[in-house]
Amino acid sequence: MRRLTVLAAAAALCLVGAGCASVAQWARETATPTATAPEGEGEPPIWRDSEAVGVPWDGALRAGVRLPAEGEHHITWDPVLRTVGNRPGRRWATDTTIRATLEIAEAHRRAHPGAPRMTVGDLSRRDGGDFGVRFGAPGHASHQNGLDVDVYYPRADGRERAADHVGQIDRALAQDLVDRFLARGAAVVFVSRETGLRGPPGRVQYIPHHDRHLHARFGPLRGP
Ligand SMILES: [Zn+2]
């Protein structure tokens, strides 16, 4: 509501001839991102049967479901802007990926009542497809068909935001998330070796640039 009021005020000022560019700038600065999602972004997902087309590195998403910007057991993180509350266009996946992600977040917190809410990063774009560097560095080679989800490791200090480096991670809570994604059917979970996180060979894979977040990939891994 506050954001709408700000925008309405900005529009009204534009109508009476004030400097629209500066008013728009003021509106942007006033609508400071906080842990509270913009109006409507916290609403429940609209469930429908989704289709993962192709493969995660060359695919598309049909009838995707959008993850709420935040909920009782999760928040979202914009990895480009480095803000809480990932942008709506970066939070789409298949219904099964969204359902699994929400269930893991809830089960993780029920098992660890003091844990921060699970911090979810990028999923896919609304229709899937390219999610490369033109959507913000460093971009994703995959995340194209609604089966990939990035989750930032819980911080040892309990803050609900991405860690800045591997030393800030609560390893026990992070391992719990890896275990839960595997148990919930993720085909593979990518982590960086320096995290010290473990799992069955082949299903937990070590790759660079995953020292602050895990990347879980659900099946099916082949499209129609
Ligand atoms: Zn990823």
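We number each residue from 1, following the sequence as shown. Atoms within each ligand, like the ligands themselves, are counted from 1 in listed order.
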**Short side-chain donor-acceptor distance under 3.5 Å, His140 and Asp148** = no

**Any residue meeting side-chain hydrogen bond (donor to acceptor under 3.5 Å, both in side chains) with Asp157, in chain and number order, not counting sequence neighbours** = Arg155

**Item:** No-hydrogen, no-angle side-chain donor-acceptor test under 3.5 Å, Thr97 and Thr94
**Value:** yes

**Item:** Contact flag His143/the Zn ion (ligand 1), N/O/S atoms, threshold under 2.8 Å
**Value:** yes

**Request:** Examine all N, O or S atoms of Asp150, backbone included, and report whether one is under 2.8 Å from the Zn ion (ligand 1).
**Result:** yes

**Item:** His215 near the Zn ion (ligand 1): N/O/S under 2.8 Å
**Value:** yes

**Item:** Listed partners of Tyr206 passing ring pair (Phe, Tyr, Trp, His ring centres under 6.0 Å), at least two apart
**Value:** none

